[in-house]
A.B. asks: 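Here's a structure for you.
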Amino acid sequence: MSDTGAQPATTPSRPIVLVVDDSPLVHRLLKARLRDEPVDLRHATSGSEALEFIYANDVATVLLDLGMPGMDGFEVLRDLGEKEATTHIPIIVLSGQQESQDKVMAFGLGAMDYITKPFDLSELRARMRSALRIHRLVRMLNERAQLDGLTGLWNRSHLDERMDQLISSAERSDRPFSVALFDLDHFKSINDNYGHPAGDAALQGAAELISGAVRNADVACRYGGEEFAVLMPETTPDKAQALCDRIRESIAERHWPSHPDRKITVSIGVCGSEGATGLAPEHWLAQADAALYRAKEGGRNRVVVTKVGKDGPKLAAAS
Amino acid sequence: MDGSREEALFSVFEHDPEMGEIVALFVEEMPDRIGELQSALDSMDLEAVQTFAHQLKGAAGGYGFEQLGEIAAATERTLRSLGSNLARIDHGALVAAVTPLLSACHRVRLSIPHAAA
């Protein structure tokens with residue numbers, strides 16, 4: 001999904017538009033009529049199939065038929081409207097001409113717009129584009145609310161959210177996962193000696209080096225003050241250590257215009273595993289924090305790694 | 001079957017480059033669709049008959065068969081007026097309600113044979 005990478009506000013690939021209608025004729029028709037639109041058109045032929053797809057994918061707009069056997073469009077609207085993750089997906093109801101009461105009810109349940117069958121081609125396209133525009137704006141607002149204003153990295157609340165998702169997914173599939181905590185060394189003295197603009201520049205510079213080094217699937221965030229965190233799915237502790245060490249080095253080597261003679265270093269604590277651990281998200285952070293503490297104690301400008309597994313945490317090599 | 005050209009129903013989108021292919025498919029598949037409706041009638045499956053009318057009402061206009069869509073809409077209304085109590089609907093009334101739609105389905109044609117057909 002485009003809103004989960006290390007770099008916020010990435011341009012998504014084609015937005016997914018889901019058509020929900022029990023009639024294959026309608027699917028075929030919309031596929032032909034929307035073939036030149038820059039969207040990824042998907043199809044569901046029942047309400048339950050639609051919900052299953054929407055909960056598993058990043059759907060930008062839903063074109064929803066109301067009258068379907070089994071779970072009908074109203075129930076789909078109700079279900080999507082009740083859930084935080086889906087309540088802002090624009091839904092365009094596909095309705096028959098004589099069904100104005102249905103439209104009123106659909107709007108009451110959160111539908112954004114409607115198109116009357118048989119479809120007027122240009123109207124259909126215009127309404128779909130407008131729904132996609134709303135979706136883009138809502139996404140942008142959500143992203144802004146999860147960004148750190150100074151560095152442009154994700155903020156703490158985004159990290160907490162993604163941390164839960166990524167750890168439970170790694171645990172479920174018994175895959176590697178690592179988390180790193182970064183803390184700029186003697187940051188207070190930068191502020192004290194060169195002023196707050198220099199401190200801000202240090203945070204921005206470090207953030208830039210971190211986000212430039214992590215991969216798309218990683219989540220880099222400003223954790224607070226002069227602390228940063230990076231979530232690394234599908235990453236063993238050894239790989240996480242190598243990545244963090246590269247970042248550590250690049251920060252140590254950076255030239256700072258406001259204090260050319262004063263280098264800045266970073267201490268990094270990593271907690272990582274090769275597979276399922278049974279640890280809750282807060283334990284991962286606590287282990288990474290303990291490793292960071294040891295990195296500081298050990299003389300700063302270094303990476304300390306704790307490997308966790310089914311049999312508890314083990315301290316690995318420092319670098 | 002009723003096949004004379006003056007009574008045939010043609011699509012206004014038959015020559016639309018976006019639509020030509022799926023309009024042809026719509027016409028080609030019509031005998032299968034008629035077969036499904038017929039067997040729903042034979043087994044007195046009111047719900048399947050209603051779904052048939054409802055889906056054609058929604059889709060036919062989009063394929064350029066506006067009149068077919070209107071007939072399907074009228075059929076859906078008639079079916080609704082028959083009520084939902086299957087025990088009280090006799091086969092003759094159901095067939096009578098659906099006859100105009102069935103006849104319209106039989107009259108759906110392409111004006112020129114489609115190359116892909």
Side-chain angles (χ1 to χ4, degrees), chain A residues 19-39 41 43-47 49-50 63-74 76 92-103 106 114-128, chain B residues 9 11-30 32-34 36-37 40 45-81 84 101 105 108 114 116:
Chain A
V19 180
V20 189
D21 199 302
D22 60 320
S23 166
L25 286 173
V26 170
H27 290 288
R28 205 186 277 164
L29 176 64
L30 290 176
K31 193 174 162 199
R33 287 309 201 184
L34 299 173
R35 69 178 184 190
D36 292 330
E37 294 294 302
V39 299
L41 201 65
H43 306 275
T45 52
S46 71
E49 194 191 326
L63 305 179
L64 177 68
D65 182 34
L66 291 176
M68 292 181 288
M71 173 185 263
D72 66 12
F74 295 111
V76 173
I92 301 176
V93 163
L94 309 174
S95 92
Q97 264 159 345
Q98 304 89 358
E99 294 154 4
S100 72
Q101 202 48 46
D102 288 355
K103 281 177 217 158
Y114 68 88
I115 299 174
T116 306
K117 294 182 196 176
F119 311 117
D120 174 309
L121 181 55
S122 46
E123 184 183 326
L124 168 67
R125 286 181 186 144
R127 290 186 191 265
M128 190 186 71
Chain B
L9 299 178
S11 164
V12 296
F13 296 138
E14 187 177 331
H15 306 291
D16 181 328
E18 270 180 5
M19 294 292 292
E21 207 168 309
I22 67 167
V23 169
L25 206 53
F26 183 89
V27 175
E28 276 164 37
E29 289 175 351
M30 202 40 110
D32 290 345
R33 228 170 269 131
I34 291 169
E36 282 164 30
L37 177 59
D45 185 346
L46 182 62
E47 200 183 316
V49 175
Q50 277 171 333
T51 300
F52 183 93
H54 180 77
Q55 293 191 346
L56 264 193
K57 176 188 83 169
Y63 285 81
F65 295 101
E66 208 166 303
Q67 202 187 336
L68 179 63
E70 283 162 12
I71 294 169
T75 305
E76 193 190 25
R77 281 196 299 277
T78 311
L79 288 170
R80 212 174 288 145
S81 72
S84 56
L101 180 58
C105 286
V108 164
H114 190 259

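What you see below is based on every heavy atom in this structure, not just the backbone, and it leaves out hydrogens, waters and symmetry mates. Order of the sequence lines fixes the chain letters, A, B, ..., with proteins taken first and strands second; residue numbering starts at 1 for each chain.
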A.B. asks: Atom CD of residue position A:Glu49 - does it have more than 12 heavy atoms of other residues, nucleotides or ligands inside 6.0 Å?
C.D. replies: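 Correct, the count exceeds 12.
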A.B. asks: For A:Pro118 and B:Gly62, which heavy atoms make the closest approach, and how far apart are they?
C.D. replies: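 Looking at all heavy atoms of both residues, the shortest contact is CB-N, 3.6 Å.
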A.B. asks: Please determine if A:Arg125 and B:Glu18 form a salt bridge, counting it only when a charged side-chain N lies under 4.0 Å from a carboxylate O.
C.D. replies: yes
A.B. asks: Measure distances from A:Arg28 to the heavy atoms of chain B and classify the residue's part below 4.5 Å as side chain, backbone, both or neither.
C.D. replies: both
A.B. asks: When heavy-atom pairs shorter than 4.5 Å are enumerated against chain B, which of A:Leu25, A:Asp120, A:Val26 gives the highest number?
C.D. replies: A:Leu25
A.B. asks: What part of A:Leu121 lies closer than 4.5 angstrom to a heavy atom of chain B: side chain, backbone, both or neither?
C.D. replies: side chain
A.B. asks: Kindly give the heavy-atom pair with the smallest separation between A:Pro69 and B:Glu47, and that separation in Å.
C.D. replies: CB-OE2, 4.3 Å
A.B. asks: With heavy-atom distances below 4.5 Å as the criterion, would you say the side chains of A:Arg33 and B:Ile22 are in contact?
C.D. replies: no
A.B. asks: Can you confirm whether A:Asp22 sits close enough to B:Gln55 that some side-chain heavy atom of one is under 4.5 Å from a side-chain heavy atom of the other?
C.D. replies: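 Yes, side chains in contact.
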A.B. asks: B:Glu29 versus chain A, heavy atoms under 4.5 Å apart: side chain, backbone, both or neither?
C.D. replies: side chain
A.B. asks: For A:Tyr114, does the OH atom have more than 12 heavy-atom neighbours from other residues, nucleotides or ligands under 6.0 Å away?
C.D. replies: no
